[in-house]
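Structure first, commentary second.
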There are 2 protein chains.
Amino acid sequence: MSKVIIDDVAARAGVSIKTVSRVMNNEPNVSERTRDRVLSAARELNYRPSLSARGLAGSRSYLIGLLYDNPSPAYLAEVQAGLLEACEASHYSLALHPCHHEDPGMPAAVSAALAQARLDGLIITPPVCNVPALMAAVEERGVPYAVISDEAGPSGIAVTIDESAAMRDLTEHVIGLGHTRIGFIAGHPDHKGAARRRDGFETAMKAHGLAIDPAMVVQGYFDFESGRHGARDLLSRTNPPSAIIAANDDMAAGALQVAHDKGLHIPTDLVIVGFDDSPLSRQVWPPLTTVRQPVADMAREAAARVIARLTGAAEPDNPANLAFPHELRLRQSSLGDT
Amino acid sequence: MSKVIIDDVAARAGVSIKTVSRVMNNEPNVSERTRDRVLSAARELNYRPSLSARGLAGSRSYLIGLLYDNPSPAYLAEVQAGLLEACEASHYSLALHPCHHEDPGMPAAVSAALAQARLDGLIITPPVCNVPALMAAVEERGVPYAVISDEAGPSGIAVTIDESAAMRDLTEHVIGLGHTRIGFIAGHPDHKGAARRRDGFETAMKAHGLAIDPAMVVQGYFDFESGRHGARDLLSRTNPPSAIIAANDDMAAGALQVAHDKGLHIPTDLVIVGFDDSPLSRQVWPPLTTVRQPVADMAREAAARVIARLTGAAEPDNPANLAFPHELRLRQSSLGDT
DNA sequence: GTGAAAGCGCTAACAA
DNA sequence: TTGTTAGCGCTTTCAC
C-alpha cells in the first residue's frame, strides 16, 4: 500500500509511465479517455508521486518557503493557515524558515538554504521583506516570491492592505470621539508597515487641524512590553493624552495594562485603540477597538500567485500589487458599554 | 555557487564520490586525513547535498511532520520553534500537517500523506494524539514518532509534564489562600491532558477535605469563549465560587473578562487562575497566576529523540516517557499587588 | 579504507 | 497522442 510507483499505475492503466507523468502534471496532449483511465488507476492504487523523485528529475521541489522573523504567534498562525490552504490545493508543501532580520549574514544564509532545499517559491513577511540585502539576494536567485507588504522588488508580488489609510480611518474614529490630544505608540522602526501606519496617523491629525506634539509620539517595537513603556511615558507627561493609538494590538494591550494599574477607567478616563484585530484585542478587558486586516486571505493569495507563476498558469489580470480591504472594529476600549 | 554537486567536491578533494558521501553522512571507515580533506573541499565550495537526491537514493526525506489540530497560536508557535531548533541541528526540515481530529477520515488521510511525503518522523500534538484510530495508523506505518502528551503507543516517544501534579500544585495554591468554594472550568473533553488536569484539581480538593460540588465544575473547550460561558455559569449560581480555576489560560482570560463586566475586583472579589503560562496570561489585567510548562523544550526534545532513532544514534538511557518539570507562576490574579 | 557500478522514481528531450 | 531513452544527484550494494 505504501510503495505504489509510477510503473504500477502505468501497468494498470495500460499506458507508458510518461503518459502517467503527463496526466499527473496536467500536461496537454493526452486524450480524455487515456487521462481518465490513468486517473482512476492512480486513485485505485492510491498512488502519490514521490516528491524526491519529482524534485530530482524536474528540478522542482514542490516546496514553498516561508521566511519570517519572530512575528507574533497569532500573526504567524494566520499566515501559515492561509499559505497551507493554497499549498494544499496545488500539492505544494510549506517549509518554515525563521531568521533574524538584523543578522548581516542572514541574506547569504537564506540564499544558501534556497539553493540546498531548492525551494520553488518564497513568501516573505515583514520585517524580513524590508531588508534590502535580502531582497536583492532573492531577486538575484530568480525565485518567484511574494511579500506580505506593500512593496516588492521588480519580479515580486506584493500583497497588503493600505496600512496608511487604515490608520487614518482609525485615527479619524478617535478624533470623531472628540479627542484632540492623542498619543501615538509607533511600531518597530525596521517595519515599513510601521512607517505607513504612522503616516496615516499624522495625515488624519493634520487633516483635522490637530498639531502633532512630538511629546505625544513614542517609539515602540510591536511587542507588549514596548506598549507598556510607551504608555507609561505618555501618561507621565505633564499634559497627558486623553486617547492612545498603538500601532498594533500587542502594544495597545500593554498600554491597557498600564492604564489599569494607574486606576484609569477605559474608555472614560482614557481611550486606547490598537491595530490588527488579533485574538488578544478581543481577549483583554475592555476589548480593543482595532483594525482588521485579512491576514489569512492575504497569505493565501500570496501563495496562490506564486504557485501560479510556478505552474505557468495564466497570470491573473490584477496587478502584482494586491490591496486587500481593511475594516474598523469598534469595541469598548473606545466606545464604552453603549 | 548554486550548482555544486557531489562530483565537484570529490574532484576537489581527490577522492571518489562515495567517499564524499561517507563523510557527509558521518559513516565510519574514512581516515581522518581523508575526512578533513573532504570537509574542507565541501566548505570551500559551499556544498550542500541535494535533499531530493538524498531522499530518492536513500529513501529518506529528511522531513519531520508536525500533526496538529487548531491549537492556540501561542502553543503552535512554541512547538514549532522547539521542533525547528532540533531539526536545523540535524539538517531536517519540518512539514506542517494541520488536520481535524474529529474527522473520521483523518487517520486514513494522514496515512496517505505520510506515504506521499515519505515523512521520516512525526510529532503529534493533542488532541490528535488522543485519537486511537490515528495512533493505530501511525504505529502500523512504522514511522518513528513522538507525542507531546503522556501516553504514546508501544513504539512511540512521549514527552510531557505531569499535568495532574501541576494542577494539584495550582489548586493547592488557591486553597492555601483560604478558598473553599472553588469553581473549575474543565478543558476540552477530547484532550487527555484536560482529564489529567481535572484529576489534579479533584485530588487536591479531596486531600484538603474539600467537597467537589458538581455545580462548581463546568465543561469548557480550551477556548476563550468557553471560558466566558463557564464563568458566567459559575458566577450565576446561588452560591458562587470565590475562586475560579480554568484548565488553561485562554479560558481564564474569558473568565476574567466576565468578572470585569460584572464589576468584580480581581483578586479581592474573585481569584482567577489559568494554566500554560501563555503570553496572554501576562497580557491581561491583572496578569494571571498560572502554571508554566516548557513547551519549546519539550518539542525540541521530542524532535531530537525522533531524529536520534532515524539516524540510529544510541538511544539515550532515559525512558521513552519523558517528564519535564512544571513551575507555578504566581501573579496578581491570585495575589493582588503585594 | 576506498571505489565502481547499479539503481532510487521521476521528468526532459526526443522519437514514433 | 503516445512511447523510448537518458539522466537528475545521491546512496546502496559489492568489489578491491
Side-chain angles (χ1 to χ4, degrees), chain A residues 2-39 41-42 45-63 91-93 115-118 120 310-312, chain B residues 2-39 41-42 45-63 91-93 115-118 120 310-312:
Chain A
S2 162
K3 267 291 177 201
V4 185
I5 65 175
I6 197 169
D7 304 78
D8 302 326
V9 181
R12 188 178 239 270
V15 297
S16 76
I17 61 166
K18 178 62 230 189
T19 300
V20 176
S21 171
R22 284 200 179 89
V23 173
M24 297 312 289
N25 292 289
N26 281 314
E27 283 173 29
N29 296 334
V30 181
S31 73
E32 261 327 301
R33 256 193 79 242
T34 313
R35 185 178 297 277
D36 287 347
R37 274 228 309 283
V38 170
L39 284 177
L45 295 171
N46 196 19
Y47 168 67
R48 304 310 217 112
S50 149
L51 293 178
S52 301
R54 267 186 158 176
L56 184 53
S59 64
R60 297 197 288 170
S61 62
Y62 291 88
L63 282 178
H91 296 292
Y92 274 75
S93 298
Q116 157 154 52
R118 267 84 172 164
D120 289 345
L310 256 27
T311 55
Chain B
S2 164
K3 267 289 178 205
V4 184
I5 65 174
I6 196 168
D7 304 76
D8 302 327
V9 180
R12 187 178 242 269
V15 298
S16 74
I17 62 165
K18 175 63 229 189
T19 298
V20 176
S21 171
R22 283 200 180 92
V23 172
M24 297 313 289
N25 292 288
N26 280 314
E27 283 173 29
N29 295 334
V30 182
S31 72
E32 262 327 302
R33 255 192 82 243
T34 314
R35 184 177 297 276
D36 287 346
R37 273 227 311 281
V38 170
L39 284 177
L45 295 170
N46 196 18
Y47 168 66
R48 302 310 218 111
S50 147
L51 292 178
S52 302
R54 249 158 63 142
L56 184 53
S59 65
R60 298 196 288 170
S61 63
Y62 292 87
L63 282 177
H91 296 291
Y92 274 76
S93 298
Q116 156 153 50
R118 267 86 170 165
D120 289 345
L310 255 27
T311 54

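Residue numbering restarts at 1 for every chain, and letters A, B, ... go by the order of the sequence lines.
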Output side-chain donor-acceptor pairs under 3.5 Å for residues 18-29 of chain A, partner residues at least two apart or in another chain, one line each.
unit_1  : atom_1 : unit_2  : atom_2 : d
A:Thr19 : OG1    : A:Ser16 : OG     : 3.4
A:Asn25 : OD1    : A:Arg54 : NH2    : 3.2
A:Asn25 : ND2    : A:Ser21 : O      : 2.8

Distances under 3.5 Å between protein N/O atoms and the N/O atoms of nucleotides 6-8 of chain D, please, pair by pair.
unit_1 : atom_1 : unit_2  : atom_2 : d
D:dC8  : O2     : A:Leu56 : O      : 3.4
D:dC8  : O2     : A:Ala57 : N      : 3.1

*Using salt bridge (Lys or Arg N to Asp or Glu O under 4.0 Å) as the criterion, list what pairs up with A:Arg12, not counting sequence neighbours.*
A:Glu44
*Got a minute to check which stems DNA chain D is part of, using Watson-Crick or G-U wobble pairs under 3.5 Å, three or more consecutive?*
C:1-11 with D:6-16, C:13-16 with D:1-4
_Side-chain N or O of B:Ser21 versus OP1/OP2 of D:dT11: is the shortest distance under 4.0 Å?_
yes
_At less than 4.0 Å, is any side-chain N or O atom of A:Thr19 found next to OP1 or OP2 of D:dG3? Yes or no._
yes
*Indicate, with a heavy-atom threshold strictly under 4.0 Å, whether A:Tyr47 touches base, sugar-phosphate, or nothing.*
sugar-phosphate
*Between residues 8-15 of chain B and DNA chain C, which residues have a heavy-atom gap below 4.0 Å?*
B:Val15
*asked:* With the threshold set at under 4.0 Å for non-hydrogen atoms, list the residues of residues 24-39 of chain B touching DNA chain C in residue-number order.
replied: B:Asn29, B:Val30, B:Ser31, B:Thr34
*Considering residues at least two apart in sequence or located in another chain, which fulfil the side-chain hydrogen bond (donor to acceptor under 3.5 Å, both in side chains) criterion with B:Ser93?*
none
*Output yes when a side-chain donor or acceptor of A:Asp8 lies under 3.5 Å from a complementary backbone atom of A:Ile5, and no otherwise.*
yes
*5' to 3' on DNA chain C, which nucleotides open and close the contacts with chain A (atom under 4.0 Å from a heavy atom)?*
C:dG9 to C:dA13
*Output the distance between atom CG (A:Leu56) and atom CG (B:Leu51), rounded to the nearest 0.5 Å.*
11.5 Å
*Nearest-Å distance, CG (A:Asp7) to C1' (D:dT4)?*
14 Å
*Nearest of D:dT11, D:dT12, D:dT2 to any side-chain atom of B:Lys18?*
D:dT12
*Of all residues at least two apart in sequence or in a different chain, which pass the side-chain hydrogen bond (donor to acceptor under 3.5 Å, both in side chains) check with B:Ser61?*
B:Asp120
_Non-neighbouring partners of B:Tyr62 that pass side-chain hydrogen bond (donor to acceptor under 3.5 Å, both in side chains), sequence neighbours left out_ = B:Arg60
Atom pairs, N/O to N/O, protein against nucleotides 14-16 of chain D, distance under 3.5 Å?
none

*Can you list the residues that meet the side-chain hydrogen bond (donor to acceptor under 3.5 Å, both in side chains) rule with B:Arg37, with sequence neighbours excluded?*
none
*Which atom pair, heavy atoms only, marks the closest approach of A:Ala13 to A:Ala41?*
CB-CB, 4.0 Å
_Over all atoms of both residues, closest heavy-atom pair of B:Leu45 and B:Val4_ = O-CG2, 3.3 Å
